[in-house]
Amino acid sequence: MFKRILVAVDGSMTSFEALSKAIELQELTDAEIYLLCVYKHHSLFEASLSIGRPAEMDIPDKVLSEYAKDVVNHAKQLAAERGGKNVRGFVKAGKPSRVIVEFAKDKGVDLIVIGTKGTHSDKDGLFLGSVSHRVASHAKCPVLVV
């Protein structure tokens with residue numbers, strides 16, 4: 001059945017619900033779980049447009065990368081607490097939907113599990129999030145939207 005399950009995590013509650021569902025599937029299939037957090041690359045030009053400047057200005061990509069690592073580490077901890085085994089974490093930069101689909105293809109993923117909405121989705125809950133919609137539309141493997 002499934003040998004590799006990719007779970008896209010972004011720190012949102014729906015991404016952690018997707019992780020829970022992936023762990024349930026892992027119990028049935030003994031699949032390996034890949035956690036992937038994608039942060040959007042920001043150019044130095046975009047950074048220069050920022051209004052507020054802290055005393056020590058970190059490059060935005062460095063800050064975002066560190067946050068993404070924290071998200072993955074938190075997700076790995078949650079997976080362990082919920083009985084997940086054989087869980088690996090990854091952090092990538094780029095357009096989230098594109099990176100998720102490419103990562104799944106490169107790693108030979110059998111299933112992508114993703115939350116309906118991420119951290120920047122509409123507040124009314126009326127629409128599927130844009131990232132989950134694009135992943136479901138472009139992935140070459142099945143996508144479970146939780």
Side-chain angles (χ1 to χ4, degrees), residues 1-47 50 54 56-146:
M1 188 167 216
F2 301 124
K3 293 181 182 177
R4 290 177 208 90
I5 300 172
L6 171 61
V7 182
V9 292
D10 62 1
S12 67
M13 290 308 296
T14 59
S15 72
F16 295 137
E17 290 169 11
L19 174 59
S20 291
K21 189 56 68 178
I23 292 168
E24 289 177 31
L25 291 169
Q26 183 185 51
E27 291 171 0
L28 298 172
T29 64
D30 205 31
E32 185 174 13
I33 293 179
Y34 294 159
L35 302 172
L36 176 63
C37 186
V38 182
Y39 64 93
K40 185 176 182 272
H41 167 76
H42 286 81
S43 70
L44 291 176
F45 175 73
E46 288 172 315
S50 174
E56 291 185 28
M57 176 68 179
D58 274 337
I59 296 173
D61 279 356
K62 181 180 175 189
V63 173
L64 293 170
S65 172
E66 289 301 317
Y67 174 74
K69 288 176 190 173
D70 289 345
V71 168
V72 167
N73 287 333
H74 179 67
K76 285 175 81 172
Q77 180 182 350
L78 284 175
E81 290 170 4
R82 295 174 184 173
K85 302 170 285 194
N86 203 9
V87 178
R88 297 174 60 194
F90 300 87
V91 172
K92 300 281 183 186
K95 183 176 179 183
S97 57
R98 182 177 299 141
V99 172
I100 292 166
V101 169
E102 288 174 4
F103 183 91
K105 181 181 172 193
D106 292 346
K107 295 290 186 183
V109 166
D110 304 300
L111 175 70
I112 299 171
V113 184
I114 190 167
T116 54
K117 295 176 188 64
T119 56
H120 294 95
S121 296
D122 69 290
K123 294 183 182 359
D124 296 332
L126 298 174
F127 303 104
L128 190 63
S130 59
V131 173
S132 54
H133 177 75
R134 283 193 293 270
V135 168
S137 298
H138 298 340
K140 303 298 182 200
C141 64
V143 178
L144 175 60
V145 181
V146 179

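Small disclaimer: the values here were computed from a predicted structure and weren't measured.
Among pairs with a residue in residues 64-75, those fulfilling salt bridge (Lys or Arg N to Asp or Glu O under 4.0 Å) read Glu66-Lys69, at least two apart in sequence or across chains. Sorted by first then second residue, the salt bridge (Lys or Arg N to Asp or Glu O under 4.0 Å) pairs that include residues 102-113, not counting sequence neighbours, number zero. Here ring-ring contact (aromatic ring centres under 6.0 Å, His included) pairs that include residues 70-98, with residues two or more places apart or in two chains, are Phe16-His74, Tyr34-Phe90, Phe90-Phe103.
Between Ser20 and Arg82, the shortest heavy-atom distance links the atoms OG-NH1, 2.5 Å. The minimum heavy-atom distance between Ser65 and Val91, with the atom names listed, is O-CG1, 4.3 Å.
Among residues two or more places apart in sequence or in another chain, the side chain to side chain donor-acceptor pair (under 3.5 Å) test is passed with Glu17 by none. Among residues two or more places apart in sequence or in another chain, the side-chain contact (heavy atoms from CB on, under 4.5 Å) test is passed with Val143 by Ile112, Ile114, Val135, Ala136, Ala139, Val145. Asn86 is linked by a side-chain contact (heavy atoms from CB on, under 4.5 Å) to Gln26, Glu32, counting only residues two or more places apart in sequence or in another chain. Residues passing the ring-ring contact (aromatic ring centres under 6.0 Å, His included) test with His138, sequence neighbours excluded: none. Every side chain to side chain donor-acceptor pair (under 3.5 Å) that Glu24 has, sequence neighbours left out, goes to Lys21. For Thr29, there are no side chain to side chain donor-acceptor pair (under 3.5 Å) partners two or more places apart in sequence or in a different chain. Applying the side chain to side chain donor-acceptor pair (under 3.5 Å) test to Arg134 and every residue at least two apart in sequence or in another chain returns Ser97.
The closest side-chain heavy-atom distance from Leu144 to Leu25 is below 4.5 Å. Taking the side chain as every heavy atom from C-beta outward, Ile23 and Glu27 approach each other to under 4.5 Å.
In this structure, the side chain of Ser15 does not engage the main chain of Gly115 through any donor-acceptor pair within 3.5 Å.
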